Amino acid sequence: MSRTAGSQAPTGWGLPIAFASLLIEWQRHSGRSGLPWQLTREPYRVWLSEVMLQQTQVSTVLSYYPRFLARFPDVRTLAAASPDDVMALWSGLGYYSRARNLHRCAQVVVNEHGGAFPTTAAQLETLPGIGASTAAAIAAFCHGERISILDGNVRRVLSRLLAFEGDLAQAGPQRELWRLAQALLPVAPERDDMTAYTQGLMDLGATVCLRSKPLCGRCPVRAECRAHAANETQRFPVKTRRLQRRFENWWLLLVRHVGGDGQVRFWLARRPDSGIWAGLYCPPVFADDKALQAAVHSTLGGALHALAPVAHSLTHRELRLHPLLLDVPSVATEDGLPPGQWVSVQALADHGLPAPVRQMLSGLDQPGSTA
DNA sequence: GAGACGTGGAT
DNA sequence: TATCCAAGTCT
């Protein structure tokens with residue numbers, strides 16, 4: 001192991017032993033504080049924040065978190081809710097399987113754990129939607145368990161600190177880095193130490209150890225950082241996998257009805273239980289223009305009005321959405337339409353809609369509007 | 001184990 | 001514009 005043979009900062013085990021105490025002290029005077037989910041140790045609130053924050057930036061979650069809590073203030077309320085209600089509050093946050101698992105998890109906690117979350121990371125990880133990192137975060141924040149998270153921040157911070165050469169696109173090196181993360185934990189920490197340490201890992205990654213142009217001058221552990229010593233911070237973390245997007249065209253049939261009282265309604269269908277936007281409400285989707293027209297009764301087809309295409313990119317897909325607007329004179333028209341249901345403009349807020357669909361429909365919510 | 005799964009922000 | 005990525009998990 002050449003990594004332990006160098007003269008820079010390694011201890012007997014090749015790890016910077018001052019790391020944990022430096023990080024804890026730094027977090028307490030320079031870390032983030034006052035975020036809504038930092039004001040509590042209540043497992044329900046911590047759990048909700050951790051799930052919302054999976055692959056999602058703090059700035060995005062800030063608006064969703066209080067709204068969700070106001071509607072579902074505790075785990076029993078959430079467990080008793082309908083899947084549609086949960087999805088409506090998650091609408092726009094993305095990764096909707098999180099919402100489904102969140103709901104299932106609440107039901108498991110209520111039905112199998114008497115309404116109280118398990119207290120150890122090992123038990124938490126058995127619950128739906130709670131993986132190793134989220135389980136560790138909840139256990140560390142709420143109960144001071146001596147266990148490490150491993151999110152994107154930690155991968156970046158630790159891979160630089162240790163000049164970790166393993167390819168984090170692969171499972172083996174990931175596990176190895178997690179073992180190292182465990183080895184770096186404070187020795188015999190108090191509960192509050194684990195809170196500060198765990199928060200400190202994330203704060204350091206989010207505010208100092210930035211992806212490009214890290215602010216090493218402000219880093220509390222730069223003296224122990226091997227990447228910094230070698231002037232190679234930009235080389236870590238090592239990750240080879242490149243995400244590739246597939247291009248796809250989707251044709252959306254936007255059927256609109258304006259009632260005699262001016263009430264505007266759209267014809268929406270629930271997406272299948274798997275795949276993109278699973279469980280959300282969406283206008284009927286077709287693979288091409290012809291398939292869309294074939295699904296509309298011939299007496300209605302002439303009224304189709306093509307709107308401007310919308311580009312929408314997902315992690316693995318580059319969608320080009322082609323909306324076609326069909327104004328129908330009567331709700332009785334549904335016989336000539338693909339499966340779906342009428343949803344009034346007012347009721348859209350109570351439905352889980354994909355972000356681009358909500359955007360699209362919001363421009364059509366006035367009688368006659370086409371933008 | 002590799003790919004599926006959203007959205008918005010940063011570069 | 002293209003690419004990466006952000007408090008990952010599930011299959």
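Note that the structure is a prediction, hence the values are computed from the model and not measured. Side-chain atoms are counted along with the backbone in the values below, which use heavy atoms only and exclude waters and symmetry mates. Letters go in sequence order (proteins before strands), and every chain restarts at 1.
Taking the P atoms as reference points, C:dA7 lies 24 Å from B:dA2, given to the whole Å. On the P atoms, C:dC4 is 16 Å away from B:dA4, given to the nearest whole Å. Using P as the reference atom, B:dG8 and C:dT9 are 22 Å apart when rounded to the nearest Å. Distance noted for atom C1' between B:dC5 and C:dC5: 15 Å (whole Å).
In this structure, A:Gln244 atom CD and B:dC5 atom P are separated by 14 Å, rounded to whole Å. Atoms CD (A:Gln170) and P (B:dG3) sit 12 Å apart, rounded to a whole Å. For the pair A:Met52 CE and B:dG8 P, the interatomic distance rounds to 15 Å; values are reported in whole Å. Summarising the geometry, the separation between CZ on A:Arg98 and P on B:dA4 is reported as 18 Å, rounded to the nearest angstrom. Here the C1' atom of nucleotide C:dA2 and the CG atom of A:Leu314 are 16 Å apart, to the nearest Å.
Dashed line: the shortest gap from a side-chain N or O of A:His316 to OP1 or OP2 of B:dC5 is under 4.0 Å. For B:dA4, the OP1/OP2 oxygens have no side-chain nitrogen or oxygen of A:Arg317 closer than 4.0 Å. Contact annotation: A:His312 side-chain N/O to B:dG6 OP1/OP2 distance is not under 4.0 Å.
Ring to ring, A:Trp37 and A:Tyr65 are close: their centroids are under 6.0 angstrom apart. Close placement of the A:Trp277 and A:Trp250 rings is indicated, their centers lying within 6.0 Å of each other.
No cation-pi contact links A:Arg98 to A:Tyr95, judged by a cut-off of 6.0 Å to the six-membered ring centre and 45° from its axis.
Of the candidates B:dG1, B:dT7, B:dA4, the closest approach to any side-chain atom of A:Arg246 belongs to B:dA4.
Side-chain contact annotation: A:Thr134 with A:Gln54, donor-acceptor N/O pair under 3.5 Å present. Defined by atom type and a distance below 3.5 Å, a donor-acceptor pair is present between the side-chain atoms of A:Thr77 and A:Asp74. Side-chain contact check for A:Glu176 and A:Trp178: no donor-acceptor pair (N or O, by modelled atom type) lies under 3.5 Å. Using a 3.5 Å distance cut-off with no hydrogens or angles, the side chains of A:Gln199 and A:Asp203 do pair a donor with an acceptor.
Remark: the backbone N or O of A:Val208 is not paired with any side-chain donor or acceptor of A:Arg218 at under 3.5 angstrom.
For CZ of A:Arg32, the number of neighbouring non-hydrogen atoms (other residues, nucleotides, ligands) closer than 6.0 Å is greater than 12.
Each of A:Ser59 and A:Arg175 was assigned the nucleotide of DNA chain B with the nearest heavy atom; the assignment lying further toward the 5' end belongs to A:Arg175.
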For this session: Heavy atoms under 4.0 Å is the rule here; annotate nucleotides 3-11 of chain C 5' to 3' with B where the base is hit, S where only the sugar-phosphate is, and - elsewhere.
Result: BBSBBBSS-
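Applying a 4.0 Å cut-off to non-hydrogen atoms, the residues of residues 86-94 of chain A that approach DNA chain B are A:Gly92, A:Leu93, A:Gly94, listed by residue number.
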